Protein chains: 6
Amino acid sequence: MAESAPSLLVVSAHAGDFVWRAGGAIAAAALRGERATVACLSYGERGESASQWLAGKSLEEIKAVRRAEAEAAASALGADIVFLDRGDYPLRETDEAVAQLVDVYRRVQPTVVLTHTLADPYNGDHPAAARMALQARVLAQAIGVANSDGSYPSKDDIIGAPPVFFFEPHQSEQCDFRPNVLLDITPAFERKRAAMECLPAQKHMWAYYTDLAVRRGVQVKRNAGPNLGLPHQTMGEAYVRYYPQVTGVLA
Amino acid sequence: MAESAPSLLVVSAHAGDFVWRAGGAIAAAALRGERATVACLSYGERGESASQWLAGKSLEEIKAVRRAEAEAAASALGADIVFLDRGDYPLRETDEAVAQLVDVYRRVQPTVVLTHTLADPYNGDHPAAARMALQARVLAQAIGVANSDGSYPSKDDIIGAPPVFFFEPHQSEQCDFRPNVLLDITPAFERKRAAMECLPAQKHMWAYYTDLAVRRGVQVKRNAGPNLGLPHQTMGEAYVRYYPQVTGVLA
Amino acid sequence: MAESAPSLLVVSAHAGDFVWRAGGAIAAAALRGERATVACLSYGERGESASQWLAGKSLEEIKAVRRAEAEAAASALGADIVFLDRGDYPLRETDEAVAQLVDVYRRVQPTVVLTHTLADPYNGDHPAAARMALQARVLAQAIGVANSDGSYPSKDDIIGAPPVFFFEPHQSEQCDFRPNVLLDITPAFERKRAAMECLPAQKHMWAYYTDLAVRRGVQVKRNAGPNLGLPHQTMGEAYVRYYPQVTGVLA
Amino acid sequence: MAESAPSLLVVSAHAGDFVWRAGGAIAAAALRGERATVACLSYGERGESASQWLAGKSLEEIKAVRRAEAEAAASALGADIVFLDRGDYPLRETDEAVAQLVDVYRRVQPTVVLTHTLADPYNGDHPAAARMALQARVLAQAIGVANSDGSYPSKDDIIGAPPVFFFEPHQSEQCDFRPNVLLDITPAFERKRAAMECLPAQKHMWAYYTDLAVRRGVQVKRNAGPNLGLPHQTMGEAYVRYYPQVTGVLA
Amino acid sequence: MAESAPSLLVVSAHAGDFVWRAGGAIAAAALRGERATVACLSYGERGESASQWLAGKSLEEIKAVRRAEAEAAASALGADIVFLDRGDYPLRETDEAVAQLVDVYRRVQPTVVLTHTLADPYNGDHPAAARMALQARVLAQAIGVANSDGSYPSKDDIIGAPPVFFFEPHQSEQCDFRPNVLLDITPAFERKRAAMECLPAQKHMWAYYTDLAVRRGVQVKRNAGPNLGLPHQTMGEAYVRYYPQVTGVLA
Amino acid sequence: MAESAPSLLVVSAHAGDFVWRAGGAIAAAALRGERATVACLSYGERGESASQWLAGKSLEEIKAVRRAEAEAAASALGADIVFLDRGDYPLRETDEAVAQLVDVYRRVQPTVVLTHTLADPYNGDHPAAARMALQARVLAQAIGVANSDGSYPSKDDIIGAPPVFFFEPHQSEQCDFRPNVLLDITPAFERKRAAMECLPAQKHMWAYYTDLAVRRGVQVKRNAGPNLGLPHQTMGEAYVRYYPQVTGVLA
């Protein structure tokens, strides 16, 4: 297979997840001039919009608000975004949703995939999204698996085997999230902060996820050298790499 | 066995650990009028005093500085402190150190024990301290195990089976730290902050551990009820309970 | 949220499970004057009624027998019981069953939830029940998730985040059941025994589960103090707490 | 290597362990006419003789009592017994103790080895015994490792690679004990009971370990066929096989 | 229950899996004169036939080719084979497929069952097949579970509790495959090689799986005795036993 | 800290380990013109030299042979080699051995470290070497830890926090070895083969480790793209990365 152009695909259960959890990686890719695409399986309209339900909004109104916010945030990060509108709470694992994702994979030809962890005792939609993202990735590799319109893919349409990274859940330890990759997002953090500010209903989260970036930044530094007692300004995001890293150099 | 008066024992590898990782629990016990005792196995003189070595201080000077700071911090929390001076980097597991701890257990008669996690790939002294704390706890229960002066304990001298909690390491996920207890330290946080400020050489850690208390406080709230999108001011510390909880009521 | 009145909800795959595995906890709650509710997803009519099938009973006869026995046992424990009649062997995970459970949660407003373990290589209905109990608990918290009649809940209808405990499966170690809570059921054991005796078809189990209560009682004592070689009469049940314990005091 | 005559070696931390935990396997081997040898690393004189310390006995008196009891129990089972007298609470891991065990291995030429689990949060002597038993087993295989008298072994003196089984600890789940072998000890149980009765100071344990044999016997039956609701009289012991089973037939 | 005649059942997701992964066990059973049956859930027509799709074959043509190859390979091993034709990529878990498997179990009356591992991040069909094989095994034991034609089984029709072994996946460590049984297939290897050669489209796999048999053969020897530096000619297959082994003799 | 020149350090328990398990990584570094250093803790004179003991060689003769072979193999790979001569079977964990390793770390200033896995039920020397390699790495970072001659290090002498990789043990799955890095060693394999041929006493291993390189090479390809049914010639080695990867780009 020829070397592919870098292309980042983020599979997100709800409309806000990609901002808090992977905004730094997305912005960093965009800053490098690479393609980044977010696929939102739902808007998070039932399970993650409590304040709007309390305010008496209708289901359709809530979906529209969430969609607009997510579009603004994706734009701030420098990413394309597609909405699959599969519903949330619960996000159901269906043949149709997986088939839609297979099409996305074949169109986007991702070289890197980000999604949720496979365990999350606080939110079953997150593992459901991860399972579908993983299943679609395998199906999209197979030349014998048809596209959702019934046509068969050509050899160029099928995808390779892009690495998959799980982004950080809200309560990491309860989700068996043991980071094996610490990403330095210092240059991209300004964009991530701007994207967070596109989500005004979660204003209390802005500080929370800024603090988390500091904490992961401390670990970026700590894993790169001894602590001589000095402060620093590195910002970070944590990931779990799912498949083995393939490399020609140990580093 | 008669019901014992509450008595908290904290076994700490180095002079600062108990402040950052368990200061809230210690202060909360003291605020309830309970006895709290910190046993420091070393001063952290070699491994956790880089800035003082860089400043050209001698080993004895560094130990004296660390001791004074730890005494001030313990006092701010409302705890007694004892120093076993076993050396660090590495903290060696010896019969003598364990025997000293057996004496401490029998004197303090703890009803709760706090110590480090059994895994820490960044600092081998922490698991070594935890292993000795656990071994001494079992030996101190046995009427056939002599005190360090060779005398045999009476039935009153041996201890019960106090619960053990591991406090939070610096990089929790890498230490297999999956919290199963979230402690609300809101009323005690002011004292914890005062104790942190007794450690001026780690000034950059004050904000870091304040942020961590906020993060664990968010989880205290999240595990007690649904998130309705509102901020809050709960401060928390995370722990791993090592032995099963014994109780008469599920709650 | 205001402090809620204690309310225990037990989600059971088959009609007998709640007696053998959680009868002590249920009876203890009732003895304290608290509300206890059992939700049976099936009667265990196909998979746990071999002797009745061998005797030539019909499916409806078997269901009626099992229902009557379970009602008698719940009554002996002091609990209410509801039957969802979803069928067993296999118990299927469906939107309808989950929606029924969401309604139960919102009506019962549990402060504690008991259910099966998430692994059981001997009986797939048990993990299926647990997964539905957990999913419904999260959905019932969301104000955007409708009741099964299509109405939306009010702020008072949604539930908090009650702790969940897994009760003990038949072959505990094969089910990854590592108890982290040992419940003293000594005062409640007489009621548990009476409830067991409401299930005459499993007469050989009465002694088995009495022995198990002794074994778990020994562990209750062993985890509360050293073994001085004396017998005792504590009876116990073992549980796994699923979410972190939230507390103001370590004990 | 020629097929060896069956020879069972049990490495036990304290004088009583082999009776409660492996008495059935030992008696079954003896009933088949096979050689069985127990190696006791200590008498359990400090940590498992509380009632005798409370009665004011001296250390040497206690060791003599425990030795006599263990000899009687081994005799009841049909096994030889050797005492290494390495001390308990703590049982120390030393070159000398391991060298003694290497000699035992080379003399006994075991075809099966039984010992404690590698984890036991209630008793550190048990894992220490297991670690030494495993280390000595590997050293005894090496022709370059001298005997304890300094002589080098001949090709006939070194041992093969006998399978190792961990016997059941007191609180199995807390010791990561997930049985993968269930041993039917029905024909041997009478001898096991007789051996238990050689230990009068633990009279309250006789019933406890009889009940455990019933419980493991139920699992022997349950793993061999469906439960048709009938009682039975199978007695069992549970083990964890440490190395892969080597076989010519899957069964 | 009376002792049953040996009967091996292999539940395979795709048409080739049983050859590469369990061909030695199947051939060994046949060589002992025992019955062996392979149940193929699909032909692997979409996911494991890339070269035929690239050659422009139709779906039905590919299925026919795969079926013929699998029949030839089963014949070479000495096994019967049945095709359930449930489709692959994805293999869906349905009531119908499970009901078909229940019928197979009751007809074959297996004394040993082989299937895929429960984890495989490279191919979701494999765990799906394993889950259905396990579920059907439990359902087939229950006298209250009807056959697929609606009739109820007699006491003779239901099955016992045959042991289950997972065979080796392609990337064992990524599938949590930790072998606990090493099978010596030396006498059966010639037949396994012949069966592999019935699958000409995967000619490059013949050497790969021959090498793997050598590697597992080395482990067969290594776990049966020390390495004296000599080569040998043992061939092996690795398995994971899922339920505890029930035995009367530790060996 | 300034960017350091690449420097690979391999900590090996016995004289042959680095060849079989990490020869590809070493040769690849040398081919890139980077420094590579092997630190052998022992010669493997007692535990891994059975054929020479059988031939009647003396201990000193065996050590000399093993040393010469290891020097030749290191030379073939392009690496420096140092021998610490700490003895094997057992390799003891001592302060002196760790202090020697601290000196090696400070002299070599490694940017990458390779060593054994932390678990190996077949050879306790391997985990002992790994524990010492890890402990020395942490101590060498601390400016307060003296060199073995009693002098204190300067700021330039202490090391950074180089990543650590565990190389592949003989029976990977029994050693909890789940590779998360697959290294393409195709260009370096010729040198690895030449180094293997420097060890004539293990001639039967040459083919074994060549086959293993093929197997890991298949996985290198499989994790980089779908399998289209074609053979290939990639050679690989598998590693476990111990600390999180620190990076600026997910790939």
Side-chain angles (χ1 to χ4, degrees), chain A residues 13-17 42-67 85-94 96-97 116-131 169-177 201-202, chain C residues 1 92-103 105-106 113 115-119 127-148 150-166 176 178 180 240-246:
Chain A
H14 310 110
D17 296 332
S42 82
Y43 299 105
E45 58 267 25
R46 294 192 184 277
E48 309 206 332
S49 306
S51 60
Q52 292 164 37
W53 285 97
L54 289 171
K57 296 254 178 69
S58 74
L59 180 62
E60 289 310 314
E61 286 172 322
I62 293 169
K63 287 167 70 170
V65 167
R66 299 275 296 183
R67 180 184 180 117
D85 195 13
R86 307 297 318 177
D88 76 329
Y89 264 58
L91 172 62
R92 290 179 184 83
E93 291 177 74
T94 61
E96 292 72 28
H116 296 267
T117 51
L118 286 168
D120 188 337
Y122 298 96
N123 193 319
D125 290 1
H126 295 163
R131 286 191 299 264
H170 202 64
Q171 298 201 44
S172 59
E173 298 98 342
Q174 306 304 320
C175 301
D176 296 333
F177 184 77
Q202 283 98 0
Chain C
M1 295 236 150
R92 290 181 183 80
E93 292 179 72
T94 61
D95 288 353
E96 292 71 29
V98 172
Q100 282 181 286
L101 281 175
V102 168
D103 287 353
Y105 271 99
R106 287 179 172 166
V113 177
T115 191
H116 296 267
T117 50
L118 286 168
R131 286 192 298 264
M132 288 193 281
L134 291 172
Q135 188 185 19
R137 173 185 168 279
V138 169
L139 297 184
Q141 294 174 21
I143 199 161
V145 172
N147 298 316
S148 68
S151 66
Y152 277 94
S154 75
K155 198 175 162 182
D156 288 341
D157 293 333
I158 62 167
I159 66 165
V164 176
F165 298 87
F166 301 137
D176 295 333
R178 183 173 170 158
N180 53 24
V240 168
R241 181 194 291 277
Y242 186 53
Y243 293 98
Q245 180 186 9
V246 174

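Values in this document were obtained by computation on a predicted structure and should not be read as measured data. Throughout, protein chains are lettered first and strands after them, A, B, ... in sequence-line order, and every chain is numbered starting at 1.
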S.K.: As an exercise, state the distance from CZ of A:R46 to OH of C:Y152, rounded to the nearest 0.5 Å.
M.R.: 3.5 Å

S.K.: Compare every heavy atom of A:G47 with every heavy atom of C:A142, then report the nearest pair and how far apart it is.
M.R.: CB-CA, 4.4 Å

S.K.: Which of residues 130-138 of chain C get closer than 4.5 angstrom to chain A, counting heavy atoms alone?
M.R.: C:Q135, C:V138

S.K.: For the candidates A:Y122, A:Y89, A:W53, which exhibits the highest count of non-hydrogen atom pairs separated by less than 4.5 Å from chain C?
M.R.: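 Ranked by contacts with chain C, first place is A:W53.
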
S.K.: Identify the heavy atoms of C:Y243 and A:P121 that sit nearest to each other, and give their distance.
M.R.: OH-O, 2.6 Å

